[in-house]
Amino acid sequence: MEPKRALLKKLTREFYNRDATIVAKELLGKLLVHEFEGKRLSAIIVETEAYMGVSDKAAHSYGGRRTQRVEVMHGDAGYAYVFMVYGKNYCFNTVTREKGNPQAVLIRAVEPVEGVELMAQNRFGKPLKALTKPQEKGLTNGPGKLCEALAINRSMNGVDLCDSEIYIEDNEKPVTDIVETTRVGIDYAEEAKYYNWRFYIKDNKYVSVK
DNA sequence: GCCGGGATACTCT
DNA sequence: GAGTATCCCGGCA
């Protein structure tokens, strides 16, 4: 029997329909799942960032900006916002708050749980055993890296996390030790770069930047 | 172990 | 045509 699995459940739209800062914090410790080619790829969320929308100079939706790329952020909570940065890396976000209030939470790092063998293949094209120590540590410790490991790409932009093969599950283990600090890679954002809107699980080795 | 620079292609001006 | 919510590798310590 598998009592633990039975207790896990998919997060609801109500969960996502709150401010990004709250959702970002509560997503820590939850399980990001992708049912990929009949297998479960899953990983514990250990680092997130909140993008608070219209008033947040770091957000793509700052000032109500509404282009093709950000369109999903303007929609309802609980949908995936996936975009490409620097030509080769994808970033996975969950949209938060209701339609018309374009906030999102960026998943920056996760800790592999199920399907680790496949993640090694996705990232490095070789079996887990063959990975060097740095490669093992670098499996999912960054926004672009976790997308590659979990086989997340542009085709998931706009999918409903409440009703698709990619979703986030609740986890009975509460996270207590949370570090709140500044976000990464947003030097252009003036005063917003100093906001403590990045959250991570203290002492977790998969966190991208301490 | 830390630091610097180049890759890379998509998005918006 | 410029900028980018990153990653990786090589050089030096």
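Here the structure is a predicted model, which is why all the values come from computation and not from measurement. Here is how names work: the chains are called A, B, and so on, in the same order as the sequence lines, proteins then strands, and each is numbered from 1. The basis for the numbers below is simple: all heavy atoms, side chains too, and nothing from hydrogens, waters or symmetry mates.
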How close or far is atom [atom2] of [N] from atom [atom1] of [X], stated in whole angstroms?
| X | N | atom1 | atom2 | value |
| --- | --- | --- | --- | --- |
| A:Leu106 | C:dT4 | CG | P | 16 Å |
| A:Gln135 | C:dC7 | CD | P | 15 Å |
| A:Gln68 | B:dA9 | CD | P | 21 Å |
| A:Asn141 | C:dC8 | CG | C1' | 12 Å |
| A:Tyr81 | B:dT11 | OH | C1' | 10 Å |
| A:Tyr90 | B:dT8 | OH | C1' | 12 Å |
| A:Glu47 | C:dA5 | CD | C1' | 12 Å |
| A:Lys57 | C:dA5 | NZ | C1' | 17 Å |

side-chain N/O [X] vs [N] OP1/OP2, d < 4.0 Å:
| X | N | result |
| --- | --- | --- |
| A:Arg65 | B:dT13 | yes |
| A:Arg108 | C:dC7 | no |
| A:Arg123 | C:dC8 | yes |

If you count heavy atoms of other groups shown closer than 6.0 angstrom to [atom1] of [X], is the number above 12?
| X | atom1 | result |
| --- | --- | --- |
| A:Lys210 | NZ | yes |
| A:Glu191 | CD | yes |
| A:Lys99 | NZ | no |

Requested in this report: Please confirm whether A:Arg183 makes a cation-pi placement over A:Tyr51, using NZ or CZ under 6.0 Å from the six-membered ring centre and within 45° of the ring normal.
Outcome: yes
**Report entry** Distance under 6.0 Å and angle within 45° of ring axis: A:Arg18 vs A:Tyr16
**Finding:** no
Query raised in the report: Want to settle it: does A:Tyr86 or A:Arg154 sit nearer the 5' end of DNA chain B, counting the closest nucleotide to each?
Result: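 The residue mapped nearer the 5' terminus is A:Tyr86.
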**Report entry** Closest-nucleotide ordering on DNA chain B, the 5'-leading residue of A:Thr67 and A:Lys88
**Finding:**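 Nearest nucleotide further toward 5': that of A:Lys88.
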Query - All stems with DNA chain C, defined as three or more consecutive Watson-Crick or G-U pairs under 3.5 Å - result: B:1-7 with C:6-12, B:9-12 with C:1-4
Query raised in the report: Are the ring of A:Tyr51 and the six-membered base ring of C:dA5 within the stacking cut-offs of under 5.5 Å and under 30°?
Result: yes
Query raised in the report: Which one, B:dC10, B:dT8, C:dC8, comes nearest to the side chain of A:Lys145?
Result: C:dC8
Query raised in the report: In terms of the nearest nucleotide of DNA chain C, which residue is placed more toward the 5' end: A:Val105 or A:Gly138?
Result: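 Comparing both residues, the 5'-ward one is A:Val105.
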Query raised in the report: Which residue lies toward the 5' end of DNA chain C, A:Phe124 or A:Gly87, if each is placed at its nearest nucleotide?
Result: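 Looking at the nearest nucleotide for each, A:Gly87 comes out on the 5' side.
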Query raised in the report: Taking the side chain from A:Glu49 and the backbone from A:Val184, do they hold a donor-acceptor pair closer than 3.5 Å?
Result: yes
Query - Under-4.0 Å salt bridge between A:Glu169 and A:Lys10 - result: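 Answer for the salt bridge query: no.
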